[in-house]
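Hydrogens, waters and symmetry mates are skipped; everything else that's a heavy atom, side chains included, is used. Treat the numbers as computed from the prediction; the structure is a model and nothing was measured.
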Amino acid sequence: MELKPAGIEEIMRFLIREAVVFPTAEIYSSKQAFSGFYTFGHLGTLLVEEIKRLWRRRFIWSKERVYEISGSILTPTIVWKASGHLDSFWDPIVFCTRCNRTFRADHLIEEKLNLKAEGKSVDELTEIIRSNGLKCPVCGGVLSDVRRHYLMFKTKVGVSVEDNAVLRPETAQVIFLSYPRIRNVFGKPPFGIAQIGRSYRNEISPRRGLFRLREFEQMEIEYFVLRDAKCIPFSREEAERKGIVGEDLRYRPKCMDCKRCQVNNCPYFTEEYRKTLLRILTREAQLKGSEEVVEITADEAVKRGILPNEWMAYVLAEEVRFLTEDLGVPFNAIRFREMLPEETPHYSAGNFDLEICFSFGWKEIVGNAYRTDYDLTKHMKMSGVKMLEEVNGVKVVPHVIEPSIGIERTILTILSYAYVKAKVDRKYDWLKLHRKVAPVKAAVLPLMMPREYAREESKIARDIWRRLCEETEYHIVYDEKGSIGSRYKRYDQWGVPYCITVDADTMRDNTVTIRDRDTRKQVRVKLEKIPAIVTNLIKGRIKFSHLE
RNA sequence: CCGGCCGUAGUCUAGCCUGGACUAGGACGUCGGCCUUCCACGCCGAGGACCCGGGUUCGAAUCCCGGCGGCCGCACCA
């Protein structure tokens, strides 16, 4: 199947035009730039809520032992000192002193001198530039000292003169901070702590509308699982410490042969998840410069060692089902890419990022990290609070598997495959949203204008609407403004799956018409059956064609 | 911070090169009125714009300079 994602610029134009989302403070945009921040309008807010609801149903409510929290956004600096963000969450930047161009220092060194620059300090990078006489690649001017561009927003809390707080650059740390208390109330791992909330990053240059933002929202879970201390090493350092060095032992966890601990025993990894198909772009393929994905079941992926453990396999399978079954994203538009060692974040022992085929290429919308015991160990050291559990007589720190979904990127994903351009039959752009994510499930529309003879019709239509509001759990709208054609257009643009029209015949035989958005077909049905029909259609219990 | 493209009503756009008939044209939307209204577009009417500042000129949406902003590229990863 050929993939045809809609263009991102086109989608953004549509979203802004229809006030789904729009730039924050846009009335001042000609006076002060403030890019990377968006305000959600009516439909945008509803869409976000629908995505969150579906995510909660799937990842939290239908699972045993996943608990949700909502942490604060402003956090004390010490948290980020412990987590390592203060040390590693910045980009090294150099300026040309002649032409003022900016470059990423590490990229420049790797590209021009062919030296490894990843993870080097500012001083080291400056030294490399000086000793190799590296000049501005554009004008040949002298380069400045290397400076840090911090991706975290810092601020002051209270009367302090020093920056003592930061706007969290990820939601995860607040979960780790909450771990001891949640654990004390809900008991020993395995369990998950979920959180939906905003994060802040001072990106050098926000681009592509909702894709790279400075304020964005994540839906995230940290699954805490206990690892047997005798398990196979999960890092080269640990392997060396234990004196085990093998050809097969790469910098990544290898739990697939071991059933001894919880890391490779995921209670959520049931039969249906085991047989879920995954498309994986392995490190091996990437190193060969190949784009070829392996398509196998989640179960096979663990058995063959393509995935590190059952938890990771479960997480990937759940994500595929979420995107395809709840959000209507085509299966082929999804792939998982194992990050190369040098790309992997400082806290991770292996990332399998979920990438989507966008109009501008395959891009990450979900990060799946095996954070091991990195974060809890760091916080334990910095805070002095013990977070140990006993496994087979040995004290261990729980391991963490983290799926983190970007909400705004998810919206772009949905729209890339739901946005339909104007054609001859429908001369306007509209949204073919999957019935489950469509924020408005139906619209009730009286056919005639409310004049004397039509007053009765309008009243009946309102009554139907009220009944739908009471008897279904959905958001249904009522609208009698404008010609019927322009109302169909309006609700096609909102991605509303069904429209119900009331006309003169309704008064005679108590029937109304229900219209299917995708086919534009209409059928007459008994008025009293409408709430049940709408519910069944949305739940997928019946198909529209069955009504005909 | 650099390069490329760009800035006309709520939206899309004509005009700009070749300055004056531009009192800035059109379409959609909005508002008011009329009309028993099933797939944007029944009829009539109304309101609404040249990003900001300076310059050239008798005259600037149009030419020049500066500023401010936008998109794309580098960058990056939710």
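- Contact between the side-chain N/O atoms of A:K481 and the OP1/OP2 oxygens of B:C31 is found at a separation under 4.0 Å.
- At a cut-off of 3.5 angstrom, counting only N and O atoms as typed in the model, there is no donor on one side facing an acceptor on the other between the side-chain of A:R17 and the base of B:C12.
- Counting distance only, with no hydrogens placed and no angle test, the side-chain atoms of A:Q522 and the base atoms of B:C39 include a donor-acceptor pair under 3.5 Å.
- Proximity of A:R168 to the phosphate of B:A78: no side-chain N or O atom is located under 4.0 Å from OP1 or OP2.
- By the side chain to side chain contact (heavy atoms under 4.5 Å, CB included) test, A:E9 is found to be paired with no residue, residues two or more places apart in sequence or in another chain being considered.
- For A:Y498, there are no side-chain hydrogen bond (donor to acceptor under 3.5 Å, both in side chains) partners two or more places apart in sequence or in a different chain.
- For A:T39, the side-chain hydrogen bond (donor to acceptor under 3.5 Å, both in side chains) partners two or more places apart in sequence, or in a different chain, are A:T24.
- For the segment residues 356-365 of chain A, the set of residues with a heavy atom within less than 4.0 Å of an atom of RNA chain B comprises A:E364, A:I365, in numerical order.
- At a threshold of 4.0 angstrom between heavy atoms, the contacts of A:L445 with the nucleic acid are absent.
- With centres under 5.5 Å and a plane angle under 30°, the ring of A:F216 is stacked against the base of B:A78.
- In this structure A:E68 satisfies the side-chain hydrogen bond (donor to acceptor under 3.5 Å, both in side chains) test together with A:R56, sequence neighbours excluded.
- Near RNA chain B, meaning a heavy atom under 4.0 Å away, the residues from residues 493-506 of chain A are A:T501, A:D503.
- Other residues, nucleotides and ligands contribute only 12 or fewer heavy atoms inside 6.0 Å of the CZ atom of A:F34.
- Residue-level contact check: A:K489 touches the backbone only, with heavy atoms under 4.0 Å from sugar-phosphate atoms and none from bases.
- Residue contacts for A:R515: at a heavy-atom cut-off of 4.0 Å it reaches a base atom on one of the strands shown.
- At a threshold of 4.5 Å between non-hydrogen side-chain atoms, the residues A:P446 and A:Y478 count as touching.
- No contact: A:E408 has no heavy atom under 4.0 Å from any strand.
- Counting non-hydrogen atoms under 4.0 angstrom, A:R201 reaches a base of the nucleic acid.
- A close approach under 4.0 Å does occur between a side-chain nitrogen or oxygen of A:S483 and OP1 or OP2 of B:C41.
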